[in-house]
Undergrad: 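This structure is in structure tokens; I'll ask about it shortly.
Note that these values count all heavy atoms, side chains included, but never hydrogens, waters or copies made by symmetry. Since the structure is predicted, the reported quantities are computational estimates derived from the model, not experimental observations.
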Amino acid sequence: MIDLVLLIARLLFVALLYLFLFAIMRTGIGMVKGSRKKERTWTVSVERGPKELRGVSIAVHGPVIVGRSPGADIVIGAGYVSGRHARFQLMGQNLFVEDLGSKNGTAVNGRPVHDPVALRDKDLVTIGDVDIRVRNQ
């Protein structure tokens with residue numbers, strides 16, 4: 001008789017353990033799904049500049065280089081732009097812009113950039129006569 005009670009207790013314990021693990025897995029999967037929906041994407045869009053660049057929009061997932069060099073992500077073929085002029089860089093959920101030692105400089109909302117600057121939604125980055133709008137969507 002005692003063997004039967006112990007067997008039933010063991011089976012009940014295993015069943016409760018499986019239910020507990022199932023509940024934890026379900027909660028974890030729900031948390032992962034929810035975090036993806038809240039994630040926002042930064043984009044950089046050329047608003048003013050040469051005709052071939054106007055309207056160009058790039059989603060920022062890694063560093064975005066702006067410069068005259070053909071290897072840059074946004075190529076501005078003008079003498080006032082350095083080969084590697086500026087870099088947009090994600091750090092966590094924030095987007096930063098950094099001047100890469102250019103001769104003519106980079107400005108954010110009309111203010112010159114000397115160190116990396118955290119950008120906000122709809123800030124305007126100016127490189128010579130090219131305006132780049134950043135958006136967090």
Undergrad: Regarding Glu47 and Arg135, does a basic nitrogen lie under 4.0 Å from an acidic carboxylate oxygen?
TA: yes

Undergrad: Taking all heavy atoms of Gly67 and all of Ala72, pick out the closest pair and write down the distance.
TA: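 Here Gly67 and Ala72 meet closest at N-CB, 3.7 Å.
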
Undergrad: Roughly how far, to the nearest 0.5 Å, is the CG atom of Leu7 from the CG atom of Asp3?
TA: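 Separation between the atoms: 8.5 Å.
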
Undergrad: What's the separation between atom NZ in Lys103 and atom OH in Tyr80, rounded to the nearest 0.5 Å?
TA: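 Interatomic distance, Lys103 NZ to Tyr80 OH, rounded to 0.5 Å: 15.5 Å.
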
Undergrad: Given the rule in the side chain to side chain contact (heavy atoms under 4.5 Å, CB included) test, do Leu95 and Gln89 qualify, once you have shown the distances and angles that lead to the verdict?
TA: CA-CA 6 Å; Leu95 181 66; Gln89 177 78 40; 5.8 Å; no

Undergrad: Do Asn109 side-chain atoms and Leu124 backbone N/O form a donor-acceptor pair below 3.5 Å?
TA: yes

Undergrad: Dump the intermediate steps for side chain to side chain contact (heavy atoms under 4.5 Å, CB included) on Arg87 and Ile65, then the final yes or no.
TA: CA-CA 5 Å; Arg87 173 177 47 218; Ile65 304 294; 3.7 Å; yes

Undergrad: Answer yes or no: is there a donor N or O on one side and an acceptor on the other, between the side chain of Trp42 and the main chain of Gln93, under 3.5 Å?
TA: yes

Undergrad: To the nearest 0.5 Å, what is the distance between CG on Asp123 and CZ on Arg133?
TA: 8.0 Å

Undergrad: So which atom in Val60 and which in Gly62 form the shortest heavy-atom distance, rounded to 0.1 Å?
TA: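 Closest approach of Val60 to Gly62: CG1-O, 3.3 Å.
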
Undergrad: Under 6.0 Å from the CZ atom of Arg120, do we count more than 12 heavy atoms belonging to anything else shown?
TA: no

Undergrad: Among the clusters formed by ILVMFWY side chains lying less than 4.5 Å apart, do Leu90 and Val66 turn up in the same one?
TA: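 Yes, one cluster joins them.
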
Undergrad: Do Phe88 and Ile58 come close enough that some side-chain heavy atom pair is under 4.5 Å?
TA: no

Undergrad: Could you tell me which residues satisfy side chain to side chain donor-acceptor pair (under 3.5 Å) with Arg84, sequence neighbours excluded, listed by chain and number?
TA: none

Undergrad: Find the distance between CG (Leu19) and CD1 (Ile24) and round it off to the nearest 0.5 Å.
TA: 11.5 Å

Undergrad: Nearest 0.5 Å, please: how far is CG in Asn136 from OG1 in Thr43?
TA: 8.5 Å

Undergrad: I want to check something: taking the side chain as every heavy atom from C-beta on, are Thr106 and Glu98 in contact at a cut-off of under 4.5 Å?
TA: no

Undergrad: If you look only at distance, which donor and acceptor atoms sit under 3.5 Å apart when one is on a side chain in residues 49-57 and the other is two or more places apart or in another chain?
TA:
| from | atom 1 | to | atom 2 | distance (Å) |
| --- | --- | --- | --- | --- |
| Arg54 | NE | Gly49 | O | 2.9 |
| Arg54 | NH2 | Gly49 | O | 3.3 |
| Ser57 | OG | Ser45 | OG | 3.1 |

Undergrad: Could you measure the distance from the CE atom of Met1 to the CG atom of Leu6? Nearest 0.5 Å is fine.
TA: 11.0 Å

Undergrad: Taking the side chain as every heavy atom from C-beta outward, state whether Phe96 and Val113 have any atom pair closer than 4.5 Å.
TA: no

Undergrad: Quick one, Arg68 and Val75 - any side-chain contact, counting heavy atoms below 4.5 Å?
TA: no

